Structures are given as structure tokens and as C-alpha cells.
Amino acid sequence: MAHQLYRNTTIGHCLQESLDELMQYDQLPPALAMKVLLQFDKAISAALANRVKSRLSFKAGKLNTYRFCDNVWTLLLTGVEFKEVQDVAKADRMKIVAMDGRAQV
Amino acid sequence: MALVQPLASGNVMTNGSATNCSAVPGKAAGAALGCDTAAAQQLSSDTQQAADHKSGAAAAGEAEEAPVEEEVDITINNVVCSFSVRCHLDLRYIAMNGDNVEYRRENGMVTMKLRKPYTTASMWSSGKITCTGLTSEPAAKVAARRVARYLQKRLNYQTRFCNFRVVNVLGTCTMPFAIKIADFSQKYPRLACYEPELHPGVTFRIKEFKATLKVFSTGSITVTAPSVAAVQRAIEHIFPLVNEFRKERTAADLAAVAASRARRYGSRDSSESDLDDDDSDID
């Protein structure tokens, strides 16, 4: 079972909102909605691992804080610069939530 | 003529005040030791002044013997201290809400790292905290108080700063000569332990200072003792013992020592004083 890290993303939120709407109109039983979300977790983990080829590197000015609890790393960075081939994006503040890719909970 | 035993007299330099520890008139003062800590930068000039003063006094005391003035720097690498905040700590709460913390359940403790003074604080749920990686005893006190203050201010614990004690101090120094450790270990069979197959240094224990010294053939000595003063006295104690077995360094040895010194002093110049005891980094 993949961890439910990716539910808190734009695509995960959209999926959850759509499922909530269908449940509201009684077109979808809640148990099935849960199954959809679990399948989403598996699918997104597999897709990011296997189907994403582009590489992006980033460099931060400062690591403000770090936290490690329950095998989850939370990092707060400032002055981040993302670089692909050409200079792509800058971010003043960035939060990284990272979980162990190998561990299966 | 009496055999001249070079006697090590130590000058303890902490926070800019120089105190002459053991002035022994009428004996040849073989070496002046400067105890260097990474934080203070003005100590080098104090060391020089004290050395000049010492050599002047020694020269005045001895008419016949020409005293050999050798400066040996003792670097304090690691100070470990332990204290208690006298209240139960909810490690999970600290791990979720604290900054710069790591909580690994298998160890049962929360590790928090401070940037200034650079230290790693390990906290247990009983309220006992250990700070490691510091470079001086006053810095240890500051770091310990800073950790307790963080718990009090940020995480709203009713902390009381109790039972602060420095548990262990690791110091290193390099003699200006190489040492014949095989002969040295044979002369002190009960105090020295030398197993070349296990470890390339001689483990020498001094019971009265509770110090353990590791003596290496390059002339480097590492000391672990319960306090900075004990480290300094242990070096003073071992200096004449080791001086007996001195051997001149080869060119390769000298190059290695010069390289390690350049590395150490290069990084030391860029460090700032981290003894300011204020809350500026907690916000």
C-alpha cells in the first residue's frame, strides 16, 4: 500500500472534491470513493516512479528548519532556485514533505 | 649537575585571562603550554605575551641551563555536558512542533541541533538532556541554557535548569617531536596499553585526573577527561614522560603536521564567537 502523501496535491484535491460531489448526489457509495483514493495513491506513486523522466534540480539559500518524525522529513527552505536546462523558477519559501520511498506501510 | 627534566608549565587561556598554573622556580621550565579554544581569537597574542614572560622568568631563574621554550597548543574538540529540565517532556509533541528536531523512536530520544553554538542536544522524556559537540565549557553552559529556554519559550514547558555538569572533554595536542611509543609503553606497563594490531596509539590512563590519553607515534596526543582543567593537567603530566622518548621528525612527518595545522587554523579563523547569551535566534 503506497502512502497517502500525494492526496495533498492539486490533482489529489481535485479528485477528492469530485468524489465528494458524486457522493453528495448519491451516485457513488463512500466505500467505493475510499477504494478510488487508494487506487489513486498506488497509481500516482507508480507513475512518478516509472513514467516521469524530466529532471529538475534546485538550490536553496538557507535551510530554515528541518523535522524528522514518524519517518517523515519536513524541510523549510528559503531563497530557492529551480533549474532545468534554462533557469525555470524561483521561490521565496519552500516546504518539502518527504517520505521514505522504499518503506511500504 | 642535576639531570634537567623539562617540566611542563601550563598557561590556561580562557576568555582572555592568562593564569600561570604551575610556576616552579629553580627548575628548568622546558615548555610553555598554551590552551587554545576555537572561539577566542585574541588568545594567540596573549599566549605570545605569556610565553615571553615565562621565558624571561625562566631565564632569570636558571643561569647555567638554557631553557628550551616550546609552545604546545591544546585544542578542545568536544565538550559533552548533561543537565535536567526537571519536567517530563512529551517527545512526540516536541518532534511535531519543534524546529530542527529529529525523533527516532528506536532511540527513544529527540535530537535537536543548534547553529550557534554548534551543538547537538539529545532529549529524553524524563527531562534529561545531553549536549555534545561544543568547543568550550562556557559555550556548553550557554548551549544548555539556550535549549532549556527554547523548551520554555516555544513549547511552553515549565523548565528548571538543574544539575548542569560537564561530563567529558576531548582535547588534542601535537608535540613538536615524534614519539617512540613502543619504548614508552614498555616503560609504563601498568598505565599504558599498546596493542599495535588493534590501535596504532598507546592508551595511557592517569588515575588522579581520571584522564585517558592516546599517544601516537607522530607526536599527536588526544585526551579525554572530565574537565578542561583536567585535560590541561594531563598534558602537563605526560609531557615529561613523553619527552624522554622523543625522536626527531622526518621530513614527511613535518609536512603532514604542517598540512593538518593549515587545515585547522584555516577553518578556525572563519569562526565567530558563539558565546553571546541572548535570545536573538529564538523568534
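Just so it is clear, the values below take in all heavy atoms, side chains as well, and ignore hydrogens, waters and symmetry mates. Lettering of chains follows the sequences in order, A, B, ..., and the numbering in each one begins at 1. Note that the structure is a prediction, hence the values are computed from the model and not measured.
Heavy atoms of other residues, nucleotides or ligands lying less than 6.0 angstrom from CD of A:Gln86 number more than 12. Atom CZ of A:Arg93 has 12 or fewer neighbouring heavy atoms from other residues, nucleotides or ligands inside a 6.0 Å radius. Within a 6.0 Å radius of CG in A:Asn50, other residues, nucleotides and ligands contribute more than 12 heavy atoms. Within 6.0 Å of atom CZ in A:Phe58, 12 or fewer heavy atoms from other residues, nucleotides or ligands are found, so the atom counts as exposed in its surroundings. Around the CD atom of A:Gln27, the shell of radius 6.0 Å holds more than 12 heavy atoms that belong to other residues, nucleotides or ligands.
Heavy-atom pairs under 4.5 Å with chain A peak, among B:Thr111, B:Val101, B:Val110, B:Asn100, at B:Asn100. When B:Arg104, B:Met112, B:Arg105 are compared by the number of non-hydrogen pairs under 4.5 Å with chain A, B:Arg104 comes out ahead. Of the residues considered (A:Trp73, A:Phe68, A:Tyr66), A:Tyr66 shows the highest number of contacts with chain B, using heavy-atom pairs under 4.5 Å.
Pairing each heavy atom of B:Arg92 with each of A:Asp70, the nearest pair is NH1-OD2, 2.8 Å.
Qualifying side-chain hydrogen bond (donor to acceptor under 3.5 Å, both in side chains) partners for A:Glu81, counting only residues two or more places apart in sequence or in other chains: A:Lys83, A:Lys90.
Contacts of residues 6-19 of chain A with chain B at a heavy-atom distance below 4.5 Å are absent; not one residue qualifies.
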Apply side-chain contact (heavy atoms from CB on, under 4.5 Å) to residues A:Arg67 and B:Tyr103 and explain how you reach the verdict.
CA-CA 8 Å; A:Arg67 182 175 296 131; B:Tyr103 179 33; over 6 Å; no
